[in-house]
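Please read the structure below before turning to the comments.
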Amino acid sequence: MSGPHRPQLWGVVNTTPDSFSDGGLFEDVEKALEHARSLVADGAEVIDVGGESTRPGAGRVSADEEAARVIPVVEALASEGIVVSIDTMRASTARAALEAGAQIVNDVSGGLADEEMFAVVASARGDYVMMHWRGHSDTMDSLAQYDDVVAEVSREIRQRLEAATAAGIDSSRILVDPGLGFAKTPDHNWAILAHLGDVVPEGMRSVIGASRKRFLGELLADAHEPAQRDGVSAALGVLLAERGVFALRVHNVRAHREALDVWQAFHEGGAS
Ligand code: PMM
């Protein structure tokens, strides 16, 4: 397509145990694989595999448990030729996932949760998603304090970028994510979205994870389940495409693909 870049769709696969299943790890792995394959069929270019919930208030999972959940999934998907991103704040999990074939490390802490992370990424190949973060899920809501959220998040992102490049990660490998909902209220999220061009350094690729988040649910009239936020998520996805975002991290890939099809046809109509 001529004109703006069409964002990649990264499909989210959580390997956190299914509370409705008592089939153990094997069944959970099989379910995650099935889900990932359906997201690829729907148009996902990357599958983002995570084993630790980062929802507000969530506690941590041990390193062993996280690795036991994610590594078999990463290995199986990579062997099928699927591009895998590992969503982890732990250097040990990132290293194991890279060895198992992951091509991207998605670190919601931007290297702050584990001081070994930058070294692991620097010594490997592939992209690194560096998200803006202020603290773990059990404290992050209390860290949502800013005088000027756009200026402060922009500054903190640049500080982390300097640290990452000083540790040997080439900036061309880094994708910047402002971390919607991570130490941010809905108003903070909207301010950041309105000023993405200031928050993401010029010339750098960005990833946005807005899909199904609470701040979108708040726009809807009645109490909605996360899956009922797919329409508003896709609407925002189109606006982000317009802003030149490189990738959208989403749960319902099909809804976003269709929305981007409309966006693309709209632009191509204008171009002919
Ligand atoms: N959000 C969540 C988890 N991982 N990774 C990136 N890069 N950006 C995000 O915004 C992000 C993430 C939490 O959302 P979920 O619980 O809906 O997956």
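Order of listing sets the numbers, starting from 1, for every ligand and every atom in it. Everything numeric in this text was worked out from a predicted model, so none of it was measured.
- Leu248 and Ile192 fall within a single hydrophobic cluster, where Ile, Leu, Val, Met, Phe, Trp and Tyr are joined by side-chain heavy atoms under 4.5 Å apart, directly or via other members.
- A continuous path of hydrophobic side-chain contacts links Val250 to Leu39 [ILVMFWY only; heavy atoms under 4.5 Å].
- The hydrophobic clustering, which links ILVMFWY residues whose side-chain heavy atoms are closer than 4.5 Å, places Val46 and Leu9 apart.
- Put simply, Val29 and Val84 are part of the same group of oily side chains (I, L, V, M, F, W, Y) that touch within less than 4.5 Å, one to the next.
- Listed as neighbours of ligand 1 are Thr54, Arg55, Asp87, Asn106, Val108, Val129, Met131, Asp177, Phe182, Gly209, Lys213, Arg249, His251, each bearing a heavy atom under 4.0 Å from the ligand.
- Using modelled atom types, one finds no donor on one side chain facing an acceptor on the other under 3.5 Å when comparing Thr185 with Asp187.
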Open item on the list: For a side chain to side chain contact (heavy atoms under 4.5 Å, CB included) check, start with the C-alpha distance between Leu220 and Val232, then their side-chain angles and the critical distance, and finish with the verdict.
Closed with: CA-CA 9 Å; Leu220 303 172; Val232 282; 3.7 Å; yes

